[in-house]
Amino acid sequence: MDEKSSSSSHHRLLIVLLMLLLFGVIMVQYVCPSRSECQVLHQLGSWFGDGSATGYRSKEIQDGVQKDPYIAEDGALVRFVPRFNFTAAHLNRDVDFNIKGDDVIVFLHIQKTGGTTFGRHLVRNIQLERPCECHAGQKKCTCYRPGKRETWLFSRFSTGWSCGLHADWTELTRCVPSRMDSQEVPENLPSRNYYYITILRDPVSRYLSEWRHVQRGATWKASLHVCDGRSPTLSELPSCYTGDDWSGCSLQEFMDCPYNLANNRQTRMLADLSLVGCYNVSTMNEEERWALLLESAKRNLLGMAFFGLTEYQRKTQYLFERTFNLEFIAPFTQLNGTRAAGVDVPPETQHRILQLNRWDVELYEYARDLFLQRFQVARQHERRQARERRQQERRRLRGRLATKQGRQLKPTESPPQPERHSVVTEEQQKEKVSGDSGESDWLLPDWWDLDENGTTEDYTDNVEQW
């Protein structure tokens, strides 16, 4: 009797442990839904579970149709109404980038826009014939072209801050060619093609994120701000603080400093400052000066090979891949919660931030419109290509079937009824040709259907940690 009760207790204990294990696996799937972020845990889940925790994904794959991942990301396309007229050349941004030749991607890194995460994607997450060599404990990676000891990427994580900390458009366009020539002499001395890229962010979120970063002691003192061959004097660019840094400053203090470069930082970083006398503000009135800077920033942004937006991670990845004909290994993701989003800002303070960043607001609206129009054009082009591939496949199948039937037909036999065979052929084609029911049926890699929460994420909390 004792042995039976003991055995029964053991069985109950095993059942309880098994239930706890299954519950833990299900919770892991919910807490960490991205396979790229938690590969080991998802592998464990695949061993013990039947996929019920991620049923939305497996169901879509079994049905042979995947939902559009971009609508799930932010819903922007549903509400999007274009405001600006762009030419076809400005919207079709596929460049002839040759990583084996002499082309170079130059990343213009604007503070607190998610550039740190994007920069890491560039050196760690692109599928390359010769991947970048990144070693633990080292800030920079070696990104050589296949078969050459030449770099194809000019960025913080590949060449370091070679043109100064967070160099702007004015600095980079004048510094990069000479810096590249001094470090690497091309074999046949060809002229390099430089493809400039950047990331922008909603101005209010970016401004609050920079304030929080400054609170923690960031100064960016190493920035050179070189323009027309020299850095600004102290009278041209006064400091907002007297000590070693501005740590602990309040948001009100941050907003009150008239020399704060956080104000309209994205416009200033993307404009040609030599057009307005660099940092000498006495050459023209403030309104005229910023109007010229805004138009310059728009013009430079329009001519860049690529730019992305922090708020649209999946679309940013998609457009980069389409532009440069390169593919990322793992998908871009948006995390839950941001330091900027955690700041409780009263309406009047938010209005003040919008006023201080008036030109950045205009630039971002322009950039967002251009970005979403480019995305729509790229998707339409891809759908058109998918339709053409399906049509070619149908023609190929019809040809094979007609050839096969012609060979099997004997001279004494009469040909089959065309109506009956046409029905059979269509049914066979529907079974053989994947995604033949409509435009939305063309298949993407399985990670493209991961849900996105559409929140603005701060990827740059550790921008100065590396």
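This chain uses plain numbering: 1 for the first residue, then up along the sequence. Note that this is a predicted model, so its numbers are computed, not measured.
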Geometric class of the H121/F328 ring pair [parallel <30°, tilted 30-60°, perpendicular >60°]: perpendicular
Whether F371 and F307 hold their rings parallel, tilted or perpendicular, with breakpoints at 30° and 60°: tilted
Keeping the roles fixed (side chain from [X], backbone from [Y]), state whether a donor-acceptor pair exists under 3.5 Å.
X    : Y    : value
R268 : W290 : no
E129 : P146 : no
R130 : K148 : yes
E311 : D202 : yes
T151 : T142 : no
R179 : S162 : yes
N357 : D360 : no
S223 : L165 : yes
S158 : S155 : yes
T198 : L108 : yes

Under a 4.5 Å cut-off applied to non-hydrogen side-chain atoms, are [X] and [Y] in contact?
X    : Y    : answer
T310 : T316 : no
L208 : R212 : no
I197 : F324 : yes
L261 : W220 : no
F306 : R374 : no
K315 : L372 : yes
R314 : Y318 : no
L370 : F84  : no

Rounded to the nearest 0.5 Å, how far apart are [atom1] of [X] and [atom2] of [Y]?
X    : Y    : atom1 : atom2 : answer
F320 : T323 : CZ    : OG1   : 8.0 Å
L237 : N280 : CG    : CG    : 12.0 Å
R390 : E388 : CZ    : CD    : 10.5 Å
I110 : I199 : CD1   : CD1   : 9.0 Å
L356 : Y207 : CG    : OH    : 5.0 Å
L294 : N264 : CG    : CG    : 9.0 Å

Neighbour count >12 (heavy atoms, 6.0 Å) for atom CG, D245: yes
Atom CZ of R395 with >12 non-hydrogen neighbours under 6.0 angstrom: yes
Mind checking what makes side chain to side chain donor-acceptor pair (under 3.5 Å) contact with [X], not counting sequence neighbours?
X    : result
S178 : none
Q127 : none
N92  : none

Go through the structure and list residues passing side chain to side chain contact (heavy atoms under 4.5 Å, CB included) with [X], not counting sequence neighbours.
X    : answer
N98  : K100, D103
Y241 : T219, K221, S239, W246
V176 : V106, F154, C163, L172, M180, Y194, Y196
V276 : M284, R289, L292, L293

Salt bridge flag under 4.0 Å for residues R299 and D272: no
Using salt bridge (Lys or Arg N to Asp or Glu O under 4.0 Å) as the criterion, list what pairs up with [X], not counting sequence neighbours.
X    : value
R384 : none
E327 : none
E287 : R358

C132 and C141 SG atoms less than 2.5 angstrom apart: no
Residues E150, R192; criterion salt bridge (Lys or Arg N to Asp or Glu O under 4.0 Å); working and verdict: CA-CA 12 Å; E150 299 177 3; R192 291 187 179 92; 5.3 Å; no
Residue pair F332, Y312: steps toward the ring pair (Phe, Tyr, Trp, His ring centres under 6.0 Å) verdict: CA-CA 10 Å; F332 289 14; Y312 307 110; over 10 Å; no
Test side-chain contact (heavy atoms from CB on, under 4.5 Å) applied to C175 and V226, step by step: CA-CA 10 Å; C175 166; V226 174; over 6 Å; no
Chi angles and distances behind the salt bridge (Lys or Arg N to Asp or Glu O under 4.0 Å) call for R379, E382: CA-CA 5 Å; R379 289 276 280 172; E382 190 162 23; 5.0 Å; no
Centroid-centroid distance, F157 to F118, less than 6.0 Å: no
Verdict with reasoning, E286 to V281, per side-chain contact (heavy atoms from CB on, under 4.5 Å): CA-CA 7 Å; E286 184 178 8; V281 297; over 6 Å; no
Shortest non-hydrogen contact from A167 toward M269: O-CE, 3.9 Å
Those residues that, when tested against C249, pass disulfide (SG to SG under 2.5 Å) (two or more places apart): none
Pairs touching residues 81-96 that satisfy salt bridge (Lys or Arg N to Asp or Glu O under 4.0 Å), sequence neighbours left out: R83-E365
N125 vs R120, side-chain contact (heavy atoms from CB on, under 4.5 Å): CA-CA, chis, key distance, verdict: CA-CA 7 Å; N125 193 24; R120 289 171 181 161; over 6 Å; no
Identified salt bridge (charged side-chain N to carboxylate O under 4.0 Å, His left out) counterpart of E210 within the set K112, R216, R265: R265
Worked verdict on D168 versus E171 for side-chain contact (heavy atoms from CB on, under 4.5 Å): CA-CA 5 Å; D168 54 37; E171 294 175 288; 3.3 Å; yes
